[in-house]
2 protein chains.
Amino acid sequence: MVSQDNPPSEPRRARGRPRDWSDKTAQNTIKSLDRAMEVFEFLSEHQGKALTTLASETDQSPATVYRILVTLEGRGLVEFDAVEQLWHIGPRAFVIGARFLRRTSLVERARPVMRRLMEQTGETANLGIERGGQVLFVSQVETEATIRAFFPPGTLSPMHASGIGKALLAEMDDARLQRALAGKELTAFTPYSITHLDALRADLEQVRARGYAVDAEERNIGMRCIAAPVFDIHQEAVAGISVSGPTSRVGLEDIERLSEAVRAAARDLTATLGG
Amino acid sequence: MVSQDNPPSEPRRARGRPRDWSDKTAQNTIKSLDRAMEVFEFLSEHQGKALTTLASETDQSPATVYRILVTLEGRGLVEFDAVEQLWHIGPRAFVIGARFLRRTSLVERARPVMRRLMEQTGETANLGIERGGQVLFVSQVETEATIRAFFPPGTLSPMHASGIGKALLAEMDDARLQRALAGKELTAFTPYSITHLDALRADLEQVRARGYAVDAEERNIGMRCIAAPVFDIHQEAVAGISVSGPTSRVGLEDIERLSEAVRAAARDLTATLGG
DNA sequence: CTTGCATTTTTCATATCGTGAAAACGGCTT
DNA sequence: AAGCCGTTTTCACGATATGAAAAATGCAAG
């Protein structure tokens, strides 16, 4: 989506003194800030932590963690529940993080397309992009049915066990594929998960051929997902759009029908992006 | 914002040494961290800034800002676009921020806002969402007056005869409006009810223009209601907030004044949702 | 092609300021 | 009441964040 992760292809005309990328230990970073951000991140993963717990689990002194939290609290990045005496992520963190989406108009443009897709299919519609070898779900429109697939925006998921992930992988050339999967295990989440590279490649071949990817209970038992890639003006797959629902409603015989709607939605979105 | 702002009611049992709240200058915060967060926040507001610009606009030396950015980049909180040489908010900020939503629901977050609204206006405050073409009242903070409007949470009410309903309808585009009203009769509950589609459209036009909706005895004789829409991060109207009271206290001449408070409350709630 | 300017990144010396230990403070438990 | 536990503050020390300036580069102008 946004440049940067293609050093081989992009011209990379860097103004100013070039950064010393070889410096693995990153000596140009601020240690105290990094430690503070570690606490921040840790807190976001395990919400509702007490000061002492937080301190011991991040290997820092309670006094330091306390000061970090109070400082962040001053900006609303974290919140202190005075009743329960627990710390949480604050609303401003949400506001700031959400601005990540504003960078490209992708999410905004996708909104009406997704809504229509949800109405046509009756299933939850999702939008995801690739980030650091994972699928990042950035937006969703929930179905009105009571039984629904729920992926809160901000969720990260492995590429190989996700419809959107596979739709994106299928559009990558071999070098990029290697990089996206580098160091990643093909974890088995269910008995249906794809765990071998050969099997994955074969599946991706199919995805390319028919224009959509299927996640048939590869991540969650009882959930199926049908996804198609969305292209930007450079013909690059920048996102995936999908519907997901319970096996009871999304039967194997429904896939053909649903895939039509998903592909149409992907085409629509591609068109509004200038593909 | 969460629990914390009701010192009169909450017991406020603080374990440990009590914080020195009088210390307005907050001497217990970490200056460097605060400055770093200032850059972080500033960047989120004005995305795509160059280093120098960022430095001068936050009144810090380029070297310092550079180190802050590189540190945050290491955690994915900010991103550097190598082609354009610009800095942006990173995906991890989105992931972390999104976890804020997991903790509390719309209803819980609305609670303090509604309480304040009730105190300001002296009237019962309501929160409602749209479900299946009807308004679902999900939460309420009752006034202390003896004569009070009472909507038990869980109550369903037709959209066209409800302040919240009209506030939500007014934000829909035409297609969605059609669907929300599909198959619904514009039932007359009182002589003041709106029963013709044209009249409703005209009213909605007004609602949009002034930013709030009024239910003037359209559902119950003797009760008036002033509502405003609440938006989520996608700028979609997800809920409505309102005050309702007897005509004796909510006169036509009070509407202007009350609507200010309602709109302010709606704005507050919208803000904590990331709108 | 050369020169100058703008911008980013690194080096370095300095003193700021972040740090942990320990004490102070209260609530909670027995 | 006394002891325990978790939070907040104090304090003295030295790690480290900081800005100035230099280095390294691209870009635009001559």
Side-chain angles (χ1 to χ4, degrees), chain A residues 4 10-39 43 48-74 78-87, chain B residues 4 10-40 43 48-74 78-88:
Chain A
Q4 188 191 348
E10 290 290 347
R12 211 39 192 64
R13 56 183 177 94
R15 277 192 292 268
R17 182 169 177 174
R19 208 187 291 188
D20 187 2
W21 295 91
S22 71
D23 191 355
K24 296 294 179 189
T25 49
Q27 295 175 350
N28 237 335
T29 60
I30 301 172
K31 290 187 189 176
S32 72
L33 175 56
D34 196 57
R35 283 195 292 260
M37 289 301 101
E38 189 186 334
V39 173
L43 181 62
K49 286 277 179 183
L51 174 62
T52 321
T53 333
L54 216 50
S56 69
E57 289 176 347
T58 56
D59 287 316
Q60 308 205 36
S61 90
T64 301
V65 173
Y66 172 72
R67 282 183 284 245
I68 291 170
L69 291 172
V70 170
T71 306
L72 295 179
E73 185 190 28
V78 302
E79 239 173 14
F80 182 62
D81 184 333
V83 180
E84 295 290 339
Q85 299 274 119
L86 296 177
W87 294 89
Chain B
Q4 183 183 352
E10 289 290 347
R12 213 39 192 66
R13 56 185 175 93
R15 277 192 291 269
R17 182 169 178 174
R19 209 186 288 186
D20 187 2
W21 295 92
S22 71
D23 190 354
K24 298 294 180 191
T25 49
Q27 295 173 352
N28 238 333
T29 61
I30 301 173
K31 291 187 188 176
S32 71
L33 176 56
D34 198 57
R35 283 196 291 260
M37 290 301 100
E38 188 185 336
V39 173
F40 184 49
L43 181 62
K49 286 275 179 184
L51 174 63
T52 321
T53 332
L54 216 49
S56 70
E57 288 176 349
T58 57
D59 286 317
Q60 309 205 36
S61 91
T64 301
V65 173
Y66 173 72
R67 283 181 285 245
I68 290 170
L69 291 173
V70 170
T71 306
L72 295 180
E73 185 190 28
V78 303
E79 249 176 3
F80 181 62
D81 185 334
V83 180
E84 296 289 340
Q85 297 277 118
L86 297 176
W87 293 89
H88 296 273

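Order of the sequence lines fixes the chain letters, A, B, ..., with proteins taken first and strands second; residue numbering starts at 1 for each chain.
Where A63(A) and P62(B) meet DNA chain C, the nucleotide closest to each residue was compared, and P62(B) sits on the side nearer the 5' end. Along DNA chain D, the nucleotide nearest I68(B) and the nucleotide nearest T53(A) are compared for position; the residue whose nucleotide lies closer to the 5' end is T53(A). Of the residues near DNA chain D, D59(B) and R67(A), the one whose nearest nucleotide (by heavy atom distance) lies more toward the 5' end is R67(A).
The CG-P distance, from L51(A) to dG27(C), rounds to 18 Å in whole Å. The nearest whole Å value for the distance from the CZ atom in R35(A) to the C1' atom in dA17(D) is 11 Å. In this structure, NZ of K49(B) is placed 16 Å from C1' of dT7(C), rounded to the nearest angstrom. At whole-Å resolution of the value, CG in L33(B) and C1' in dG18(C) are 11 Å apart. Put simply, CD on Q85(A) is 13 Å from C1' on dC25(C), counting in whole angstrom units. For the pair N28(B) CG and dG20(C) P, the interatomic distance rounds to 14 Å; values are reported in whole Å. For the pair Q60(A) CD and dG18(C) P, the computed distance is 14 Å after rounding to whole Å. In this structure, the CG atom of D34(B) is 15 Å from the C1' atom of dA17(D), given to the nearest Å.
Considering only side-chain atoms of T64(B), the nucleotide from dT25(D), dT18(D), dT9(D) that sits closest is dT18(D). If you check dG18(C), dT9(D), dT9(C) against the side chain of I30(B), the one that comes closest is dG18(C). With distances taken from any side-chain atom of S61(A) to the nucleotides dT9(C), dT8(D), dG20(C), the minimum falls on dG20(C). In this structure, the nucleotide among dT19(C), dT9(D), dC17(C) sitting nearest to the side chain of Y66(A) is dT9(D). Which of dC12(C), dT9(C), dT16(D) sits closest to the side chain of R19(A) comes down to dT9(C).
Between A55(B) and S61(B), the shortest heavy-atom distance links the atoms CB-C, 4.2 Å. In this structure, I68(B) and A36(B) approach most closely via the heavy-atom pair CD1-CA, 3.7 Å. R35(B) and Q60(B) make their closest contact through O-NE2, 3.4 Å (heavy atoms, listed as atom of the first residue, atom of the second, distance). Contact detail for L51(A) and W87(A): the closest heavy-atom pair is N-CD1, 4.1 Å.
Distances shown here put every side-chain N or O of R17(A) at or beyond 4.0 Å from the OP1 or OP2 atom of dA23(D). Dashed line: the shortest gap from a side-chain N or O of S32(B) to OP1 or OP2 of dC17(C) is not under 4.0 Å.
Although no hydrogens or angles enter the test, the distance criterion places no donor-acceptor pair under 3.5 Å between the side chain of T58(B) and the main chain of V39(B).
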